Amino acid sequence: MRASHVIGLCLAAFALAGCETTPAPRPSISLTAVPPDIVECARRRVPAPKGGAALTEREVYRLVAALKGSEEAKSGCIARLIALHEADAAMLVEALK
């Protein structure tokens, strides 16, 4: 390459180096709020047995039944929360394409 070509390329590079570029527009994204019933379900707890005495067999069965019911309800809440998250994630992926 001749010196004049190199100088010409350098001048072109310097001219382009000063160009301002505008940032790409950012998509407007708003995530879905977690519905109050899911929040309430997630925070609901089976109360601890009262008193410090040993539990009777009947109290143990009652407590186990309450815990099973609570776990089933929480499983339903979690399934709904996962579906909500997956829908938001899909929307986000689509917005960023």
Side-chain angles (χ1 to χ4, degrees):
M1 243 187 189
R2 288 205 247 131
S4 61
H5 283 92
V6 173
I7 292 173
L9 287 174
C10 287
L11 290 175
F14 285 131
L16 291 174
C19 292
E20 276 191 46
T21 58
T22 57
R26 297 182 59 95
S28 175
I29 298 170
S30 61
L31 300 176
T32 307
V34 178
D37 62 313
I38 292 179
V39 173
E40 180 185 330
C41 176
R43 291 185 176 154
R44 194 176 311 132
R45 299 189 188 282
V46 174
K50 294 180 182 170
L55 298 174
T56 66
E57 188 175 338
R58 183 178 183 161
E59 289 171 326
V60 170
Y61 281 113
R62 227 184 269 156
L63 184 58
V64 168
L67 289 169
K68 279 183 170 180
S70 173
E71 286 302 306
E72 287 177 17
K74 286 191 189 303
S75 292
C77 293
I78 289 171
R80 288 183 53 217
L81 186 59
I82 289 170
L84 184 70
H85 170 74
E86 287 174 344
D88 275 353
M91 178 214 34
L92 180 61
V93 166
E94 199 59 36
L96 295 176
K97 280 186 178 179

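These figures come from a predicted structure and were not determined experimentally.
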Donor-acceptor contacts, no H, no angles, side chain residues 64-82, under 3.5 Å, sequence neighbours left out:
| residue | atom | partner | partner atom | Å |
| --- | --- | --- | --- | --- |
| Lys74 | NZ | Cys41 | O | 3.0 |
| Lys74 | NZ | Ala42 | O | 3.2 |
| Lys74 | NZ | Arg44 | O | 2.6 |
| Ser75 | OG | Glu71 | O | 2.9 |
| Arg80 | NH1 | Asp37 | OD2 | 2.6 |
| Arg80 | NH2 | Asp37 | OD2 | 3.3 |

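Remark: Glu94 engages Lys97 in a salt bridge (Lys or Arg N to Asp or Glu O under 4.0 Å) (not counting sequence neighbours). Taking the side chain to side chain contact (heavy atoms under 4.5 Å, CB included) definition, one finds that Thr56 meets it with Arg58, Glu59, sequence neighbours left out.
Shortest non-hydrogen contact noted between Val34 and Leu84 is CA-CD2, 4.1 Å. In plain terms, the two heavy atoms of Pro49 and Leu55 that are nearest each other are CB-CD2, 3.7 Å.
In the hydrophobic clustering of ILVMFWY residues, with side-chain heavy atoms under 4.5 Å counting as a link, Leu31 and Leu92 come out together. When hydrophobic clusters are built by joining Ile, Leu, Val, Met, Phe, Trp and Tyr residues whose side-chain heavy atoms come closer than 4.5 Å, directly or via intermediates, Val46 is not grouped with Tyr61.
Atom CE of residue Met91 and atom CG of residue Leu96 lie 9.0 Å apart, to the nearest 0.5 angstrom.
Within the 3.5 Å criterion, the main-chain N or O of Thr32 finds a donor-acceptor partner in the side chain of Asp88.
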